[in-house]
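Nothing fancy with the numbering, it's 1 onward along the sequence. Because the structure is a prediction, the values reported are computed rather than measured.
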Amino acid sequence: MTRPPFLDGLAASLPIVMGYFPIAFSFGVAATQGGFTGLEAFALSLIIYAGASQFLALALLASGAPVLVAAFTLIAMNLRHVLYGPALMREAGEGATRRHAWGWAWGLTDEVFGQALGALARGQRFSEPYMFGLGLGAYASWVSGTVVGAYAGGGALEGWPAVNAGLGFMLPALFLALLLSILNRRQLPVIVVAGAVTVVATLAISATSGILLGMLAGAVAGVLRK
């Protein structure tokens with residue numbers, strides 16, 4: 001008997017879970033250090049659910065930035081997620097169902113998108129229950145990690161600077177591993193263009209601008225290669 005697609009999705013989320021939980025724990029600790037309550041930290045992860053953006057939100061709000069400025073900055077930083085659903089459906093093919101896309105699309109983070117795209121690249125058929133399992137595992141890990149980190153309190157990692165530094169590296173390392181799993185020679189020029197524009201724009205303007213311009217440059221490069 002084959003395993004239900006939902007359980008396959010949960011199983012496929014395990015690498016993401018192992019990456020998300022310690023990062024979310026670190027966010028919970030950082031939030032309490034920044035003066036937020038445990039409930040507020042939990043709400044940020046439950047509603048925003050965007051790792052780098054949540055850390056940026058802490059920095060902006062702690063520095064006294066207006067709420068509207070912080071909100072528009074986070075929206076601009078996360079505009080790339082709008083493209084994940086259409087890109088995934090294009091790879092899934094014309095016969096892919098999207099009846100419940102309003103639900104599973106909520107879970108399309110960078111890493112979930114990379115894992116789903118990798119599954120399609122390996123010949124797996126698109127399945128909405130699979131997407132729900134994949135997204136739910138990652139989401140539950142992020143929210144629960146935040147709760148545990150907030151409960152642990154601001155001083156939890158002060159005596160472990162090496163662990164604290166490692167937590168900050170785990171999220172980009174996880175996404176890099178997912179990227180390498182689906183990399184092929186045809187995609188390499190597009191990735192190089194997107195990466196180069198991101199780095200240059202980040203250094204010249206800002207991190208938010210770098211992400212947006214890198215995303216646009218990669219999309220244009222991908223279209224030109226078709």
Side-chain angles (χ1 to χ4, degrees), residues 9 12-13 15-17 19-20 23-24 27 43-60 68-92 96-121 126-128 130-143 145-146 170-179 181-182 187 190-191 193-195 197-198 201-202 205-223:
S13 73
I16 301 175
V17 168
Y20 273 14
I23 300 296
F27 171 76
L44 283 171
S45 285
L46 187 71
I47 298 170
I48 297 178
Y49 185 40
S53 297
Q54 289 182 217
F55 282 99
L56 179 60
L58 290 183
L60 289 172
L68 283 178
V69 172
F72 280 112
T73 301
L74 299 186
I75 290 172
M77 189 173 181
N78 288 291
L79 279 176
R80 68 190 188 279
H81 291 94
V82 176
L83 303 177
Y84 286 170
L88 193 63
M89 297 311 297
R90 185 190 64 184
E91 294 297 323
T97 59
R98 59 191 76 185
R99 181 179 179 182
H100 301 292
W102 57 268
W104 57 258
W106 164 256
L108 280 178
T109 62
D110 296 337
E111 293 73 23
V112 170
F113 173 70
Q115 187 77 296
L117 200 62
L120 293 175
F126 180 83
S127 166
E128 287 194 311
Y130 175 89
M131 292 302 303
F132 274 111
L134 180 62
L136 181 61
Y139 186 48
S141 173
W142 184 262
V143 174
T146 299
M170 285 189 70
L171 193 58
L174 172 63
F175 187 66
L176 180 60
L178 293 173
L179 177 64
S181 71
I182 62 173
Q187 296 167 333
V190 177
I191 294 173
V193 169
V197 171
T198 300
T202 298
I205 309 175
S206 67
T208 301
S209 299
I211 292 173
L212 293 176
L213 292 176
M215 176 187 69
L216 292 174
V220 171
V223 170

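Annotation: side chain of Leu58 is in contact with side chain of Leu44 (closest heavy-atom distance under 4.5 Å). With a 4.5 Å cut-off on side-chain heavy atoms, Thr109 and Tyr20 count as touching. Inter-residue side-chain proximity for Tyr84 and Leu117 is flagged as unmet; no heavy-atom pair is nearer than 4.5 Å. Residues Met131 and Phe126 form a side-chain contact, since some pair of their non-hydrogen atoms from C-beta on lies under 4.5 Å apart. The shortest distance between side-chain heavy atoms of His81 and Asp110 falls below 4.5 Å.
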Could you go through residues 132-140 and list every donor-acceptor pair under 3.5 Å that involves a side-chain atom there, pairing it with any protein atom two or more places apart or in another chain?
residue : atom : partner : partner atom : Å
Tyr139  : OH   : Leu46   : O            : 2.7

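The OG1 atom of Thr97 lies 4.0 Å from the CD atom of Glu128; values are rounded to the nearest 0.5 Å. With rounding to the nearest 0.5 angstrom, the CH2 atom of Trp142 is 5.5 Å from the CD atom of Gln54. If you take OG1 on Thr146 and CD1 on Ile23, they are separated by 10.5 Å, rounding to the nearest 0.5 Å.
Of all heavy-atom pairs between Ser53 and Asn78, the closest is OG-ND2, 2.7 Å. Of all heavy-atom pairs spanning Gln115 and Ala12, the tightest one is NE2-O, 2.7 Å. Between Thr198 and Ala194, the shortest heavy-atom distance links the atoms OG1-O, 2.7 Å. Scanning both residues, Ala201 and Leu213, for their nearest heavy atoms gives CB-CD1, 3.7 Å. Between Ala116 and Leu88, the shortest heavy-atom distance links the atoms CB-CD1, 3.9 Å.
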### Task
List the steps, then state whether side-chain contact (heavy atoms from CB on, under 4.5 Å) holds for Tyr49 with Val143.
CA-CA 8 Å; Tyr49 185 40; Val143 174; 5.7 Å; no
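Partners of Phe27 according to the ring-ring contact (aromatic ring centres under 6.0 Å, His included) rule, which considers only residues two or more places apart in sequence or in another chain, are Phe55.
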